[in-house]
Amino acid sequence: MLEGDPCSIIENEFVKPGKGQAFNRVKFRNLMSGRVWERTFKSGESLEAADVMDLDMEYLYTDGEFWHFMMTDGSYEQHAASKEAVGDTIDWLKEQGVYSVTLYNGSPLSVSAPNFVELQVVETDPGLKGDTAQGGSKPAKLSTGATVKVPLFIVEGEVLKIDTRTGEYVGRVK
Amino acid sequence: MTTETWRPSASMMALRERALLLRKVRAYLDVQGIMEVETPMLSRSATVDVYIDSFATEFSPIGHGTSQLCYLHTSPEFAMKRLLSAGSGDIYSLGRVFRNGEAGGRHNPEFTMLEWYRIGMDDRRLMDDIAGLLSSVCNFKEVRRCSYGELFKEYLGLNPYTANDEELSQVVSDRVDAKLQGLERSDCLDLLFSKFVEPNLGSPNADVLEGVFVYDYPATMSALAKLSTNRDGHQVASRFELFVNGVELANGYHELLDAEEQKKRFEEEQQMRQERGYDIYPYDKNMVNALAHGMPDCAGVAMGIDRLLMLMLGTGNIADVLAFDFGRA
């Protein structure tokens with residue numbers, strides 16, 4: 001916790017002159033605003049820990065204003081995430097999929113997708129038969145609304161494996 | 001822990017460079033007629049420097065007898081001064097020293113220190129001697145020699161000898177971190193120097209190690225150096241440091257010879273450690289007695305050999321030059 005906001009530490013440099021006081025030069029990211037900045041502390045100083053938890057939750061549905069998630073620990077406890085908290089992960093949200101939800105003071109601060117998700121193609125131009133070796137690509141719209149580049153042989157209705165970190169097609173799921 | 005931690009942290013190439021460097025350092029010092037000495041690593045006394053912590057352990061006599069608290073040395077300085085007082089002549093020590101709590105980046109809790117003393121030299125002449133040694137072991141070039149005050153004025157527009165404590169705290173608060181509180185004068189100076197001056201000392205150069213000697217440290221940072229008066233009439237410490245590529249490489253003094261003054265400084269530092277709630281170590285009374293007996297006028301310097309190797313190999317990580325860094329030790 002810094003200046004009232006939860007922050008994550010990006011970099012922590014130990015600075016110690018041979019004969020002097022030790023300091024830590026720490027780079028933070030404010031988890032609320034995304035702002036990155038540097039602070040200097042005397043080594044050994046302590047900071048308040050932010051009440052932040054990463055929990056696995058199943059995505060249920062959206063009412064247009066909030067995206068609803070449910071704990072997977074058997075408690076069926078539900079949490080509603082705002083559009084800001086969902087962020088870019090919106091492209092990879094699939095009902096019944098499990099996502100990591102960061103809770104701050106009990107409410108969702110951010111939602112992150114697993115590295116790989118499997119999503120169905122809902123719309124794409126028909127590819128040319130036998131053109132599998134040529135390595136060309138075309139856009140395909142997925143069930144979540146996201147568009148990814150796929151090889152020409154992909155047809156509507158197929159389920160694809162997508163790398164959420166790059167938004168790239170990885171392969172077909174049989 | 002993965003099974004891969006059995007491997008060295010340094011490459012074999014770096015370890016060969018280390019072996020070669022140690023050989024060249026000894027060759028230079030031997031030719032200069034300086035005698036290599038080994039001093040106790042385990043001692044009943046320790047440094048009382050406020051910001052240097054020692055490792056403590058116990059000597060337990062086999063069978064019976066009371067165990068004794070001992071400390072691993074943080075530098076061979078005290079024992080070497082006892083040798084100098086006993087008439088050793090010029091001496092050097094090349095070996096491991098230990099500092100508790102210092103780990104990460106450029107720091108490892110044990111590291112290799114080269115320390116040497118030249119009788120009859122002052123701090124200025126010792127700087128020449130260091131430049132001579134470095135030129136013979138690596139591609140070193142001295143690019144600047146200037147006072148601490150000059151640099152402070154150049155990069156911060158402040159006079160470090162005359163600025164009062166409030167002014168210094170204000171600059172720290174404005175330019176480093178507004179929430180940093182309760183810093184002593186020397187802490188403020190160290191912090192400002194390390195953030196605004198140090199990174200500019202000795203530009204990064206892959207082929208040549210460009211060195212900057214900084215002398216006339218403020219009197220409050222004198223440690224074991226003599227005090228003197230500079231051109232402008234300010235009291236300064238006859239202490240200097242060498243920086244290469246923004247890295248502190250060596251720290252030297254025109255050595256304090258006054259036993260009473262030395263005892264006073266040790267006691268003041270113990271007092272400061274007590275006020276801060278740190279462990280209070282016994283200082284080396286034998287060393288004070290040696291000064292009282294009479295130590296020849298001399299200058300001495302300690303150089304970080306791992307740091308030198310890091311600069312030669314262009315790495316910012318001490319683990320890259322140690323067979324096994326602390327994480328694998």
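Chain letters run A, B, ... following the sequence lines, proteins first and then strands; every chain starts at 1.
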Counting only non-hydrogen atoms closer than 4.5 Å, does B:Ser194 touch chain A with its backbone (N, CA, C, O), its side chain (CB onward), both, or neither? both

Any donor-acceptor pair under 3.5 Å from A:Lys42 side chain to B:Leu183 backbone: no

Neighbours of chain A found in residues 97-105 of chain B - heavy atoms under 4.5 Å: B:Arg99, B:Gly101, B:Glu102, B:Ala103, B:Gly104

Minimum heavy-atom distance A:Gly20-B:Asp190, with the two atoms named: CA-OD2, 3.2 Å

Could you check whether atom CZ of A:Arg29 has more than 12 heavy atoms from other residues, nucleotides or ligands sitting under 6.0 Å from it? no

Restricting to non-hydrogen atoms, name the atom on B:Ile52 and the atom on A:Gly18 that form the minimum distance, rounded to 0.1 Å. CD1-O, 3.6 Å

What's the separation between atom NZ in A:Lys16 and atom CD in B:Glu248, rounded to the nearest 0.5 Å? 8.5 Å

Quick check for you: to the nearest 0.5 Å, what is the distance between A:Lys19 atom NZ and B:Ser75 atom OG? 6.5 Å

Counting only heavy atoms from other residues, nucleotides and ligands, does the tally under 6.0 Å from CG of A:Asn12 exceed 12? yes

Between B:Glu198 and chain A, which part of the residue has a heavy atom less than 4.5 Å away: side chain, backbone, both or neither? neither

Report, as yes or no, whether the 6.0 Å neighbourhood of atom OH on B:Tyr155 holds more than 12 heavy atoms from other residues, nucleotides or ligands. yes

Salt bridge flag under 4.0 Å for residues A:Glu38 and B:Lys195: yes

Under 4.5 Å heavy-atom distance to chain A, tell me which part of B:Asp49 shows up: side chain, backbone, both or neither. side chain

Distance check, rounded to the nearest 0.5 Å: A:Arg25 atom CZ versus B:Leu191 atom CG? 7.5 Å

For A:Phe14, is it the side chain, the backbone, both or neither that has a heavy atom under 4.5 Å from a heavy atom of chain B? both

